[in-house]
Amino acid sequence: MSIDQKDFVASLGGVAVVGGMSSEAKADALEDYLMQQLNDALNAPTLGGDSAPAKRYPTVAEIEAQIEKHPLRRGVGNLFYSSTGNVKRLPRMPEKPALADFFKMRFRATANHVLQSANLAKKNGMSEEIILACLLHDTVQELIKVDHGWWCAQLYEPYVSEKVAFAIRHHQTLRFYEDKANGYAYPELYRQMFGEDYKPEPYVEANYKFVRNHKWYIEPRMVTVNDLYAFQPGVNPQIEEFTDIIGRHFKQPKQGLGFDNSPVAHMWRSIIWPDHPL
Ligand SMILES: [Fe+2]
Ligand SMILES: [Fe+2]
C-alpha cells in the first residue's frame with residue numbers, strides 16, 4: 001500500500017504539528033493512517049486495481065464480484081486484521097477498564113472518526129445525549145462491522161439511556177435515507193461502498209418506516225447529520241474533552257467494562273482480548 005507523504009502530513013495538521021510529535025506518536029499516526037487507507041480500500045473497492053481512482057461508482061454486481069478477491073470479508077472488525085502486514089501486540093488494559101481506556105487502547109481505527117463527529121455535534125449545539133451517541137456510534141466496528149448500528153446499541157445499552165441507544169441503533173438505517181429538511185443528503189461514499197444501484201435490504205426499509213414515525217426520530221437523524229467521513233486536517237479532539245458528558249450519561253460499571261456480568265460483558269472482553277483463540 002503506497003503512502004502519499006504530503007497527504008499524510010496534511011492529515012496530521014501540517015509540518016509544524018508533525019515536527020512536535022514524538023517518534024512513537026508518529027509511528028502510531030502512520031499506523032492509523034494506513035489502517036484508514038485499508039479500511040477505505042476494503043470498503044470501497046475501486047475498479048481497475050487498488051491504486052486506480054474510481055472513475056465512476058461501481059454497481060452492486062461489481063462489488064459482489066470483488067468478494068473473492070479479498071482475504072477478509074467486508075464485515076470483519078478492525079481489531080482483527082492489520083493494514084501493515086502482521087497485527088501488533090495490543091497494550092494490556094487496566095483490570096477495571098473504563099470507556100476512556102477503550103478509546104485509548106482499542107478503538108484505534110474508529111476513535112478519530114467518532115471524536116470528530118462528537119466534536120461537530122457539540123459545535124452544532126446538540127443535546128448531550130446526541131453528542132454521546134455521536135461519540136459511540138461506530139466504535140463497535142472494532143469488533144464487527146455488519147449491522148453495526150444494532151451491535152453498537154447492544155454494546156452500550158446497559159450503560160446509556162434508552163434514547164442514546166435508540167440514536168446509535170438507528171443511525172445505521174437513516175444513513176441510507178435523505179432528509180433535506182434536517183440537512184442530510186445521501187452520502188457519495190455510500191454510492192462507492194454499496195454500489196450506485198444499491199437498495200437497502202427489506203428489514204432496513206421496514207426499520208426506516210418505523211424510525212421515521214417514531215417520536216425520537218430526530219435523535220438518530222442528528223447522529224447522521226453530524227457523522228463525518230472526510231478526515232478534517234488539524235481537528236484532533238481528545239476523549240478528555242468529553243469526560244463531563246461521559247460522567248453524566250454513561251454508567252461506568254465499578255468492576256470495569258467486561259467484568260460486570262452484564263449481558264454484553266463478553267463483547268467488551270472480546271475487544272480487550274481479540275487474540276484469544278477461543
Ligand atoms: Fe455508522
Ligand atoms: Fe460514522
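Read the numbers this way: they start at 1 and go in the same order the structure lists the ligands and their atoms. As the structure is a prediction and not an experimental result, all values here were calculated from the model.
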Carboxylate-amine/guanidinium proximity below 4.0 Å for E157 and R169
yes
Is the distance from the Fe ion (ligand 1) to some N, O or S atom of H148 under 2.8 Å?
yes
Measuring to the Fe ion (ligand 1), does D227 have an N/O/S atom at a distance below 2.8 Å?
no
Strictly under 2.8 Å, is the Fe ion (ligand 2) approached by any N, O or S atom of H171?
no
Parallel, tilted or perpendicular: ring planes of F102 versus W268, cut at 30 and 60 degrees
perpendicular
Report the relative orientation of the aromatic rings in F259 and W273; use parallel for angles under 30°, tilted for 30 to 60°, perpendicular for over 60°.
perpendicular
The Fe ion (ligand 1) to D138: nearest N/O/S atom name:
OD1
Quick one: does H137's side chain get under 4.5 Å of S117's, heavy atoms only?
yes
